[in-house]
Each structure stands twice: as C-alpha cells, then as structure tokens.
Chemist: 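Structure below; questions to follow.
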Number of protein chains: 2
Amino acid sequence: MNSRMKQSDTILKDSALSITSSRRKILDIFLSSESALAHQDIETKCSDQYDRVTIYRTLQTFLEKGIIHNIPTTDNSIKYALCSDSCITTGHHHDNHVHFRCDACEKTLCLDDVSIPSVKLPSGYSINEINMVVTGVCKSCRK
Amino acid sequence: MNSRMKQSDTILKDSALSITSSRRKILDIFLSSESALAHQDIETKCSDQYDRVTIYRTLQTFLEKGIIHNIPTTDNSIKYALCSDSCITTGHHHDNHVHFRCDACEKTLCLDDVSIPSVKLPSGYSINEINMVVTGVCKSCRK
DNA sequence: GTTGGTGCAAAAATTTTGCAGGGTG
DNA sequence: CACCCTGCAAAATTTTTGCACCAAC
C-alpha cells in the first residue's frame, strides 16, 4: 500500500470498494471521531452533503465489508464504529472489547483496551459473539 | 396481596397502575413467554386485539415502572422482557444477568442464572449499568 | 364524579426500493 | 466502455402526538 495515500482510500482499496466521494467522506468522519456514531450523526456531519439514502447504503456496505461494526443499544438508535485493524483484516468480525455509553455526554466509546471477560453459559449453548455495553459517566464528564 | 389474584393484576397493583384489559393481556403475554419480545411480537400475540398505539404506550409505562426492561440489540428492534422479582420491587433497575440471542431460532433469552462477570474499566469511569448479550446457538436449537 | 387509559386519525420520522443518470476503474 | 454508485422519487414501515370517548377507582 502506498503510505502517502489517504487512510480512507487505503481502507476502501483493501476492502475492494471503489473510491467515491461519499464513501471517503463518511470514512473520514469515522476516522476522526472518537465515539460511535448513529446514522443521524453522520447525516449531520456530512452537512447534508449526501443523500440520506446514500448514507444508508454506504453504512450497509461498510458493515458487510467489516469496516465498521454496530454496537447494541437499549434505545432504538443503531450506533456504528470503526473496527480495529485486526478486525478489518480478518474479515470475520469479532468485537472483543467493551463499549461504554456515557449518561452525561451520551457518547458511546469503544474501550479498545478493555477486553470482555469470559462467561460460562449452561451446557448446550454455543457462543458465537459477545457484546458488552457499560453505561455510566466517562472520564471527560467526570472531571 | 391476595394470592388468588391473577399474577398480572398483582404486578399492576404493586406498580400503582390501574388494571385494564390491555395491560393485563400484554403482561400475560410476557408472563407466558420464555423469550424477550419485540413490539411487533406483542402486536401479533394480541391478534390485533389492541391498538398499536396502546401497545406503544403500555410498553412505555411498563418500562417506566420497571416491570419490564429492554435488551440491547444490534439490529434496530428493541426487545423487552419481564424483570425478575427483585428487579421489580427495587424500583431502580439493574439487570445483572446475561442475555442470549440464538442465531437459529432468533429468540432472545434471559439467562437469569448467568450473572455478568465484573469488568475493570480504566480509572475515571464510573459504572451505572452493565449489559451483556451473547449470540450463538441455544440449547433447543442445538439438539 | 374525577382521573386516567384507549382508540381513532393524522402527522412525523425512519427505512426500503426502483430507476435513470453519472462517476469509477 | 462496462459496471457500480448516487440521487431523486416514492412507497412502506415505524413511532409520535392530539383529541374525544370510555372505563377504572
């Protein structure tokens, strides 16, 4: 990969996606955001530059390619976040880190350094994926 | 509480809610379901006996009273499940059990016996609530 | 009888789908 | 130049809100 390439372009190339203006923009938004984003957030950050439908389709594409993952929420909003590098390259997606939702700033963060503790299920259950979402007050709001 | 009372009536009384036909019905549906239910599921099980709007409002009321809790999902459907007894009486809601979503039958179960392992967050974060959702194949589908 | 819950109607918001035109490789 | 992506239009679905009537206590 050409290291002078934009990071977003590299990611798109690696995922065998054609490089288009909207994909680049949306990817850049994720790259520069430290928190998970809802469809709505992306629309706002695009300053309505792109059609709502395009955003739906782009997020769908990114999900399928494993570029982003979605985070479970208890409200009905789906949040998306960039996958870590390892996650992108493996193709098959496994989030093994904890997600944190701050009740104060309402942001959802990926705590990449906090791995999900193992859990023992009753016999008969096979585990595919584990999600853990912690709510509380984040470091920034605590200050 | 009169022990000959319907269980649903007892729950409603304890939550200081007036007993109405729809509330009773919806509560009975939860009481007799072993898996978490989406709004849509409830509508179906009501055989369209009640207005869609009533179901929205009833679920909202139950949530506020702590009779049911909602379970995080990665799709946009919100799932609801009955709270355990302790949960109802305390008022303030804490789910400390794991939820399991089966990829085969697509049901979401409360694994009441599996408590969520503790997790250590970086300093500066305070924890309010923890949700853990495991996906895989459940006991019944495994057979 | 008063209060609060339900049903109906309608609006608002979200998500999906089809198709023609335009950009990417 | 062939194919895929985007934008626009429209439909379908989900959720919210207002109001008059009816049931619960």
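Just so you know, these numbers use all the heavy atoms, side chains as well, and skip hydrogens, waters and symmetry mates.
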Chemist: Does C:dT6 have OP1 or OP2 sitting under 4.0 Å from an N or O in the side chain of B:Ser21?
Modeler: no
Chemist: Does B:Thr20 have a side-chain nitrogen or oxygen under 4.0 Å from the phosphate oxygens OP1 or OP2 of D:dA24?
Modeler: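 No.
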Chemist: In whole Å, I'd like the distance from the CD atom of B:Gln40 to the P atom of D:dT13.
Modeler: 10 Å
Chemist: If you find the nucleotide of DNA chain C closest to B:Val53 and the one closest to B:Ser18, which residue's nucleotide is nearer the 5' end?
Modeler: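 Nearest-nucleotide comparison on DNA chain C picks B:Ser18.
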Chemist: Using the six-membered ring wherever Trp is involved, compare the ring planes of B:His99 and B:His69 and label them parallel, tilted or perpendicular (cut-offs 30° and 60°).
Modeler: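 B:His99 vs B:His69 ring planes: tilted.
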Chemist: In this structure, how many angstroms lie between the P atom of D:dT13 and the NE2 atom of B:His39, rounded?
Modeler: 14 Å
Chemist: Do the rings of B:Tyr80 and B:Phe30 sit parallel, tilted or perpendicular, given the 30° and 60° boundaries?
Modeler: perpendicular
Chemist: Whole-Å distance between C:dT15 P and A:Ile78 CD1?
Modeler: 7 Å
Chemist: Quick one: is C:dT6 close enough that its OP1 or OP2 comes under 4.0 Å of any side-chain N or O from B:Ser22?
Modeler: yes
Chemist: Give a yes or no answer on whether the side chain of A:Thr10 reaches the backbone of A:Lys6 with a donor-acceptor pair at less than 3.5 Å.
Modeler: yes
Chemist: Take the protein atom CG of A:Leu12 and the nucleotide atom P of D:dT6, then report the distance between them rounded to whole Å.
Modeler: 10 Å
Chemist: Side-chain donor-acceptor pair under 3.5 Å between B:Asn96 and B:Ser115, yes or no?
Modeler: no
Chemist: Do we see a donor-acceptor contact under 3.5 Å between the side chains of A:Ser8 and A:Asp28?
Modeler: yes
Chemist: Quickly work out the A:Leu59 CG to C:dT16 P distance and round it to whole Å.
Modeler: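 One finds 11 Å between P of C:dT16 and CG of A:Leu59, rounded.
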Chemist: Does any donor-acceptor pair link the side chain of A:Arg57 with the base of D:dG7 at a separation under 3.5 Å?
Modeler: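 Indeed, a donor on one side and an acceptor on the other fall under 3.5 Å apart.
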Chemist: Is A:Arg52 touching bases, backbone alone, or none of the nucleic acid, heavy atoms closer than 4.0 Å?
Modeler: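 Contact class for A:Arg52: base.
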Chemist: Give the rounded distance in Å between these two atoms: OH of B:Tyr56 and C1' of D:dG18.
Modeler: 17 Å
Chemist: Specify the separation, in whole Å, of atom CZ of A:Arg23 and atom P of C:dG22.
Modeler: 19 Å
Chemist: Can you tell me how far C1' of D:dT6 sits from CZ of A:Arg24, to the nearest Å?
Modeler: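 Nearest whole value for this atom pair: 15 Å.
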